[in-house]
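As the structure is a prediction and not an experimental result, all values here were calculated from the model.
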2 protein chains.
Amino acid sequence: MSPSDDNLPSYRLDPQVGFLLRRANQRHLALFARGIPDLTSTQFAALAKLCELGQATQNALGRATAMDAATIKGVIDRLRKRDLVDAAPDPEDQRRRTLTPTAEGRALYARLVPAAHEITAATLEPLDEDERATFLRLLEKLT
Amino acid sequence: MSPSDDNLPSYRLDPQVGFLLRRANQRHLALFARGIPDLTSTQFAALAKLCELGQATQNALGRATAMDAATIKGVIDRLRKRDLVDAAPDPEDQRRRTLTPTAEGRALYARLVPAAHEITAATLEPLDEDERATFLRLLEKLT
DNA sequence: CAAAATCCGTTTGTATACTAACAATAATCC
DNA sequence: GGATTATTGTTAGTATACAAACGGATTTTG
């Protein structure tokens, strides 16, 4: 043992993946809130995926957007309150609620898509073309 | 205009950076909760940084751990309730509270450091050595 | 077919995370 | 030195996020 070999734990917070992921996410969320003040990023994700799919049950939409049942419920409640999403009982399965974007929801989504693309670009702005592709490829593996 | 050139917005949620960042963060948080059930990742970050620094005022610790004043307050409240952190008034500035890790806090931190390293490794496990370095380098730029 | 297991949506509780506003204190400026 | 400005910590309000438990509906299984 060297004289400096004490039992102080060798750990620094700053370079840890978890800390960096959290901060990168924070930065992205700030850019999102600035670019799309109308909706939170989660609400936009739910609306976007629902417009992609045309319709979905509540829990299925949650799975498609990586939100658990309790989370997607709150998100959908808020979107419904603003008449962006409609919920109808499923005649074939009485447990299910079939969600559909309203005309207003689809219109808002269509209107916001350009801003959403700009937010993605702004988030990746510190990287050059090659780095972006690399980063997205690797990030996808950590999902 | 080609016949297929309609006004449907071209947007897919799945490949967007924001969506991937959120999911990567979720995966990391799940690994963290499994590896360190004692503390949340945020609480551990605050405790770790405080042990690194020795002491800090509340808002300064928040800045060092990327938490705003309202967030760090709740985190510190919970750590204090568990006697992991001590808060003393600063005689030089009566607005400030000087935070210090308790002996128990330092012991817990020292005990958890190996698990924290394992969580970092588990989070990055899908990447090989080169990819990890690349990913961390690029992620740091998006902070 | 009946029992068990699963799935659906809901509710409660806890923990981030940010905005906004606030009182108390410090620092700065004219 | 007095007014303005900034900082510190607090509070209230909103929005994810997840765990755990629940009743009801459906599916699987024995």
Side-chain angles (χ1 to χ4, degrees), chain A residues 18-19 21-34 36-47 56-82 84-85 87-99, chain B residues 18-19 21-34 36-47 56-82 84-85 87-99:
Chain A
F19 187 56
L21 276 174
R22 178 164 144 270
R23 285 171 53 209
N25 203 39
Q26 281 178 338
R27 174 170 164 277
H28 167 73
L29 290 177
L31 290 170
F32 194 100
R34 197 138 61 91
I36 301 187
D38 310 70
L39 295 174
T40 66
S41 91
T42 331
Q43 289 166 7
F44 181 78
L47 179 60
T57 64
Q58 186 169 290
N59 283 4
L61 183 61
R63 283 190 291 272
T65 53
M67 304 179 209
D68 76 357
T71 301
I72 192 70
K73 184 197 185 299
V75 174
I76 292 301
D77 283 351
R78 282 164 223 121
L79 292 176
R80 290 218 306 149
K81 192 182 294 182
R82 293 176 55 180
L84 299 173
V85 163
D90 183 334
E92 295 186 1
D93 188 335
Q94 312 209 268
R95 297 170 303 180
R96 290 181 170 149
R97 301 171 63 183
T98 300
L99 306 178
Chain B
F19 187 56
L21 276 174
R22 179 163 143 269
R23 286 170 54 207
N25 203 40
Q26 280 178 338
R27 173 170 165 276
H28 167 73
L29 291 176
L31 290 170
F32 193 100
R34 197 138 61 91
I36 299 186
D38 311 69
L39 295 173
T40 66
S41 89
T42 331
Q43 289 167 8
F44 180 77
L47 179 61
T57 63
Q58 186 169 290
N59 283 3
L61 183 60
R63 275 179 236 115
T65 53
M67 304 179 208
D68 74 358
T71 300
I72 193 69
K73 183 196 187 298
V75 173
I76 293 301
D77 283 351
R78 281 165 222 121
L79 291 176
R80 291 219 305 149
K81 193 182 296 183
R82 293 176 56 180
L84 300 173
V85 164
D90 183 335
E92 295 187 1
D93 188 334
Q94 312 207 265
R95 297 168 302 180
R96 288 182 170 151
R97 303 169 63 182
T98 300
L99 306 178

K.L.:
Output the rounded distance in Å from CG (N59(A)) to P (dC18(D)).
P.N.:
14 Å
K.L.:
Quick check against the 3.5 Å criterion: does R22(B) have a side-chain atom that pairs as donor or acceptor with the backbone of T65(A)?
P.N.:
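Checked: pair present.
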K.L.:
Is the phosphate of dT16(C) approached by R78(B) (side-chain N or O, under 4.0 Å from OP1 or OP2)?
P.N.:
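Answer is yes, contact under 4.0 Å.
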K.L.:
Counting just side-chain N and O atoms, does R22(A) come under 4.0 Å of either OP1 or OP2 of dT16(C)?
P.N.:
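Answer is no, no contact under 4.0 Å.
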K.L.:
From the list dT11(D), dA26(C), dT16(C), which nucleotide is the closest neighbour of the side chain of Q43(B)?
P.N.:
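The listed nucleotide nearest to Q43(B)'s side chain is dT16(C).
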K.L.:
Describe the nucleic acid contact of R97(A) in one word from base, sugar-phosphate, nothing, applying a heavy-atom distance below 4.0 Å.
P.N.:
sugar-phosphate
K.L.:
At under 4.0 Å, does any side-chain N or O of R27(A) touch on OP1 or OP2 of dC18(C)?
P.N.:
no
K.L.:
Heavy atoms under 4.0 Å, any strand shown: does D93(A) hit a base, just sugar-phosphate, or nothing?
P.N.:
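Sugar-phosphate only.
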K.L.:
Using atom NZ of K73(B) as one end and atom P of dA20(C) as the other, report the distance to the nearest whole Å.
P.N.:
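In whole Å, dA20(C) P lies 20 Å from K73(B) NZ.
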K.L.:
Rounded to whole Å, how long is the line connecting atom CD1 of I72(A) with atom P of dC7(C)?
P.N.:
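My rounded result for the distance is 18 Å.
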K.L.:
Contact between T57(A) and D93(A) at the side-chain level, heavy atoms closer than 4.5 Å - yes or no?
P.N.:
no
K.L.:
Quick check on DNA chain D: between P91(A) and A70(A), whose nearest nucleotide comes earlier from the 5' end?
P.N.:
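In this pair, the answer is A70(A).
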K.L.:
Which part of the nucleic acid, if any, lies within contact of T42(A), taking any heavy atom under 4.0 Å across all strands shown: a base, the sugar-phosphate backbone alone, or nothing?
P.N.:
sugar-phosphate
K.L.:
Counting C-beta onward and ignoring hydrogens, is there a side-chain heavy-atom pair between R78(B) and T40(B) closer than 4.5 Å?
P.N.:
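Answer no - side chains too far apart.
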K.L.:
Counting heavy atoms from C-beta on, name the nucleotide in dA25(D), dT10(C), dG9(D) closest to the side chain of A69(A).
P.N.:
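Of the candidates, dT10(C) comes closest.
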K.L.:
Starting at CZ of R34(A) and ending at C1' of dC18(C), how long is that distance when rounded to a whole Å?
P.N.:
15 Å
K.L.:
Rounded to the nearest Å, what distance is computed from the CG atom of residue L39(B) to the P atom of nucleotide dA15(C)?
P.N.:
11 Å
K.L.:
Tell me, do L84(B) and Q43(B) make a side-chain contact under 4.5 Å, heavy atoms counted?
P.N.:
no
K.L.:
Is there side-chain contact between V75(A) and L61(A), with at least one heavy-atom pair below 4.5 Å?
P.N.:
no
K.L.:
For DNA chain D, whose closest nucleotide is more 5', that of T71(A) or that of E92(A)?
P.N.:
T71(A)
K.L.:
What's the closest nucleotide to the T40(A) side chain, out of dA15(D), dT16(C), dT19(C)?
P.N.:
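Of the options given, the side chain of T40(A) lies nearest dA15(D).
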K.L.:
Can you identify which nucleotide, out of dT10(D), dC8(C), dA15(D), has its nearest atom closest to the Q58(B) side chain?
P.N.:
dT10(D)
K.L.:
Q26(A) CD to dT19(C) C1': how many Å, rounded?
P.N.:
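Distance check: Q26(A) CD to dT19(C) C1' gives 14 Å.
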K.L.:
Show your reasoning for whether salt bridge (charged side-chain N to carboxylate O under 4.0 Å, His left out) applies to D77(B) and K73(B).
P.N.:
CA-CA 6 Å; D77(B) 283 351; K73(B) 183 196 187 298; 2.7 Å; yes
K.L.:
From the set dG24(D), dA15(D), dA6(D), return the single nucleotide nearest to any side-chain atom of R95(B).
P.N.:
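The answer is dA6(D), which lies nearest to the side chain.
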K.L.:
Checking all strands, does S41(B) fall into the base, sugar-phosphate, or nothing category for heavy-atom contacts under 4.0 angstrom?
P.N.:
nothing
K.L.:
Specify the separation, in whole Å, of atom CZ of F32(B) and atom C1' of dT16(C).
P.N.:
13 Å
K.L.:
Rounded to the nearest Å, what distance is computed from the CZ atom of residue R96(B) to the P atom of nucleotide dA26(C)?
P.N.:
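Between P of dA26(C) and CZ of R96(B): 10 Å.
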